[in-house]
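To keep things clear, I will list the structure first and then write my remarks on it.
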Amino acid sequence: MKKVVLAYSGGLDTSCIVRWLKERGYEVICFVADLGQGLGQGENFEAIEERALAAGASKVYIRDLQEEFINDFIIPALKANAVYEGKYLLATALGRPLIAKYLVQIAHKEKATAVAHGCTGKGNDQVRLEVAVGILDPRLEIIAPVREWEFKSREEEIEYALKYNIPIDVTKKKPYSIDRNIWGISIEAGVLENLEQEPPEDAYMITKSPTQSASYPRYIEITFARGVPVKIDGKIFKIKNLINHLNEVGGQFGVGRSDMVENRLVGIKSREIYEAPAATILYTAHKELEALVLDRELAHFKEIISLKYAELVYYGLWFSALKDALDGFVNKTQKLVSGTIKLRLSKGTCVAVGRKSGYSLYKKELSTYGKEDKFDQKLAEGFIKLWGMPYKR
Ligand code: ARG
């Protein structure tokens, strides 16, 4: 029998897919990637496994990939300051190539000839998964049932699930489509499709409303070593705990929400809201530290790289030669990105208010207006003459 490895979430779609693939002659192996979707609270993976088996899977792989996700995907994106269209810190997009990597790995181990996923035909995630799988093993067949199956609505899927005893949670009809992992949450559909309307409070899962959060601010210090966050308030944290902690604290102060209309790769605009407290705090701190230690030309050039890097992640080109080459550049820039940034969290905002680094290029004796001034102002006259010379007629 032909074998297929399915990226399984435990939801209605992927549960129906198990049965649907079986009806088409496949033995179905489910793969569940733990990217921290429990967000520190833990996800019930036993229940997901049971559901997969009950839906007809012959085997279920559950892999905790959080460390690898953080070290090989999140940290490189943080070092690059990669942000898509100024607002999206790429949590969902960064997870896809990692899921693809394990789909391929498990397919090889199981001698499967195909992989499958539950993405729709309108989104970016199908592209990311399939492009990555195609790069890693072009011989694998890729099946995307949601793009081709007969169900026209959620109700029809539920009917199908009930008919074949596929265990599903029909009690709570979720009003949104949600993707989450340790780096953030993406929420779309439902009332969010009305662009004129403010997202209702119930759409947000881990952040307090900025208007309801504490009236006092919270100060927090993040220490980086070579571009990697290592301490909070002087205390060393393991990276996973550090991110979980910042999600918690940032969420309390309503930090890390964004509401955007974005340009999808498949040519449409869509509205999505995001929650990424830890990512927002870390990006703010990381950029502030770079402002202190990178020289002007390097800093400005790196901004161009950030834009390109974000596009590559968003476009599903993680395993491309360009992304690899940009990592080489970015890693070089991080050699001196060590130091501590003090931030103030308050009512949905996160701003840097203090900075310190052994590699700081800030020289007080040059920038001061006080009497310790060492800047030779006479030099400015000649400098300006030469600098402006080419533009005079
Ligand atoms: N728009 C985001 C992206 O393309 C998130 C996609 C998934 N969103 C969701 N709610 N399931 O990366």
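For ligands, and for the atoms within them, numbers begin at 1 and follow the listed sequence. Index from 1, following the sequence.
- Shortest contact from atom 9 (C) of ligand 1 to any protein heavy atom: E272 OE2, 3.4 Å.
- Salt bridge status for D259 with K87: absent, with no side-chain N to carboxylate O gap under 4.0 Å.
- Ligand 1 lies less than 4.0 angstrom from a heavy atom belonging to Y88.
- We find that K302 and E290 are joined by a salt bridge, their nearest charged nitrogen and carboxylate oxygen being less than 4.0 Å apart.
- Note on E27 versus K22: no salt bridge recorded, every NZ/NE/NH1/NH2 to OD/OE distance being 4.0 Å or above.
- The closest approach between any non-hydrogen atom of Y84 and ligand 1 is not below 4.0 Å.
- We find that K59 and E110 are joined by a salt bridge, their nearest charged nitrogen and carboxylate oxygen being less than 4.0 Å apart.
- Applying the 4.0 Å criterion to heavy atoms of Y274 picks out, from ligand 1, the atoms 1 (N), 2 (C).
- Looking at atom 1 (N) of ligand 1, its nearest protein heavy atom turns out to be E262 OE2, 2.7 Å.
- The closest protein non-hydrogen atom to atom 11 (N) of ligand 1 is S177 OG, 3.2 Å.
- The contact set between ligand 1 and N124, taken as ligand atoms under 4.0 Å from a residue heavy atom, comprises 3 (C), 4 (O).
- Heavy-atom contacts of R128 reach the following atoms of ligand 1: 3 (C), 4 (O), 12 (O) (cutoff under 4.0 Å).
- The aromatic ring centroids of Y61 and Y102 lie 6.0 Å or more from each other.
- The shortest N/O to N/O separation between T92 and ligand 1 does not fall below 3.5 Å.
- For R154 and E157, the salt-bridge test fails: no basic side-chain N is under 4.0 Å from an acidic carboxylate O.
- Two rings, from F31 and Y8, have their centers 6.0 Å or more apart.
- Between W387 and F383, the two ring planes are parallel [angle under 30°; tilted spans 30° to 60°].
- Taking 4.0 Å as the cut-off, R96 does not count as a neighbour of ligand 1 on heavy-atom distance.
- Any N or O atom pair closer than 3.5 Å counts here, and D125 shares no such pair with ligand 1.
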